[in-house]
Number of protein chains: 2
Amino acid sequence: MQPRYIKIKSAIIDSIEAGKMKPGDKVDSENQLAEIFKVSRMTARRALTELVDEGVLARSQGLGTFVNDHRPMSSLLEIRSIDDEILQRGHTYSNQVLTQLKVKATSEQGAWLDVPTGTELFHTCIVHYENELPVQLEDRLVNPQWAPDYLTQDFSQTTANHYLNSVAPLTQADHAIEAILPTQYVAKSLAIEPNQPCLQVSRRTYSAKGIVSYALLFHPGNRYRIGGHLDFSHSIRS
Amino acid sequence: MQPRYIKIKSAIIDSIEAGKMKPGDKVDSENQLAEIFKVSRMTARRALTELVDEGVLARSQGLGTFVNDHRPMSSLLEIRSIDDEILQRGHTYSNQVLTQLKVKATSEQGAWLDVPTGTELFHTCIVHYENELPVQLEDRLVNPQWAPDYLTQDFSQTTANHYLNSVAPLTQADHAIEAILPTQYVAKSLAIEPNQPCLQVSRRTYSAKGIVSYALLFHPGNRYRIGGHLDFSHSIRS
DNA sequence: TGTATGCACTTGTATATACAAGCTGGTTGG
DNA sequence: CCAACCAGCTTGTATATACAAGTGCATACA
């Protein structure tokens, strides 16, 4: 037997999907639902509360409960850590560290990490391979303040991503995805032709205290794509 | 004065962030919390329930409530409807319909929309302009079954995206993002050089009943990028 | 006319209580 | 020794009740 609050949720969702109620329409109040379904107000309330949590309804004190607008048609696209992704596909993962040293921030680099020009930064360039084929060049700048031991890590064992997340758990991130033509260095590192388009992901990660790292991730257009699957359905009938 | 269940939530989050409790650790039971904070079990329960909803804790009947693992370090990246995006930037949006007609599905197209080869489909090609500059070529196939009036729409008024979402609300979507070199047709439509890399987003959208549409969105690499900002912090102190 | 008060309705918070159902560990009986 | 059972913990569902607080409307008053 289904719990009663689930039945009420289903009934509300049904009447929305059947078109009986449109976005903006007022839903029966907690007391009305309680009477209609012969349950206590708290049980009716639970049904409404969960639908609000799921984004189906919206409430405001004193006014009532209303059918929500279609939630913004924004799709979410997942970007995962490269090694997890490759391993999950059942392929072999390996990498090669090209560069692992200290640098002094140029004005541009300083702006990215929000530090003064000339600040000492850590810089790594690592190529990631899927089945011996290069699929990502990771060009990363790290603020030593949040990850002082970054340079002494063995990145053949743990990825920069995982290490940084362990010492300074990320709280926010900025992303940008672009299509570019590779520089000579990028083309050589990824073993592609100079006129082969690349997918460039630039990612800036924040921990609680500040900007941890700025990474440029280059992917050969013919060997890599970013994918994702999304599910917006709100008919969760557990 | 803060509600009491908020105080309990804060206390739990604090002790997690202070390192007193690690992922996997057991949290005080509802009855224990009730006694500690001098509230009823239902109030303590509400604190736990909301933290479970937020992904901070996990519960199982008979066992107890536990601190959740750090949620998978997957980043989410937003893709919005092109016209909304342009308007929100304060720029002018316009478009031009290149193609709007019926076609018979090739075997490839049939596979994309999960219909037999030869099925009648709707096909549109629309160029979207930001400040008179082309930023997206939208090449879209639509299953007439879910949107029979698609061809008679005036897409200078409403975008395909918005129209489809109104007649067949989307419940799921697949995405793939790639960097490609444009075909001659794409380069001409977007007014770019043939060697200028393009960002290609292919998106397949589902409604409750089936696959509604398959779209290829081409963006000139030098005029468009996909961006997003994410926030993982779970210290939600409403 | 315009303002103020208060009532009726809504959601929000909080309590006390009851029983159902899942899990664990110990005790009991074969 | 092992299996069955049960007691005692946990979370899950459900009710009845109370008061607080936000909103809108109608009524009463100046």
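Fair warning: this is a prediction, and the values are worked out from it, not measured in the lab. Just so you know, these numbers use all the heavy atoms, side chains as well, and skip hydrogens, waters and symmetry mates. Lettering follows sequence order; numbering is per chain, from 1.
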Can you tell me how far [atom2] of [N] sits from [atom1] of [X], to the nearest Å?
X      : N       : atom1 : atom2 : result
D28(B) : dT11(D) : CG    : C1'   : 15 Å
F37(A) : dA14(D) : CZ    : C1'   : 16 Å
E50(A) : dA14(D) : CD    : P     : 11 Å
R45(B) : dT13(D) : CZ    : C1'   : 8 Å
N31(B) : dT17(C) : CG    : P     : 13 Å
M42(A) : dT15(D) : CE    : P     : 11 Å

Taking only side-chain nitrogens and oxygens of [X], does any of them come within less than 4.0 Å of OP1 or OP2 of [N]?
X      : N       : value
T43(B) : dA14(C) : no
R59(B) : dG12(D) : yes
S40(B) : dA14(C) : no
T65(A) : dT11(C) : yes
Y5(B)  : dA14(C) : no

Residue Q32(A) excluded, over 12 heavy atoms near CD under 6.0 Å:
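Buried by this count: over 12 neighbours within 6.0 Å.
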
R59(B) atom CZ, neighbour heavy-atom count above 12 within 6.0 Å
yes

[X] has a side chain; which of [options] sits nearest to it?
X      : options                   : answer
S29(A) : dT11(C), dT11(D), dT15(D) : dT11(C)
R4(B)  : dT13(C), dT15(C), dG12(C) : dT15(C)
L63(A) : dG24(D), dG12(D), dT11(C) : dG24(D)

N/O donor-acceptor pair under 3.5 Å between T43(A) side chain and V39(A) backbone
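It does not hold such a pair.
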
Return the 5'-most residue of the pair R46(B), R41(B) with respect to DNA chain C, ranking by each residue's nearest nucleotide.
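Taking each residue's closest nucleotide, the earlier one in sequence belongs to R46(B).
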
List the steps and the verdict of ring-ring contact (aromatic ring centres under 6.0 Å, His included) for Y150(A) and F155(A).
CA-CA 10 Å; Y150(A) 182 73; F155(A) 288 119; 5.0 Å; yes

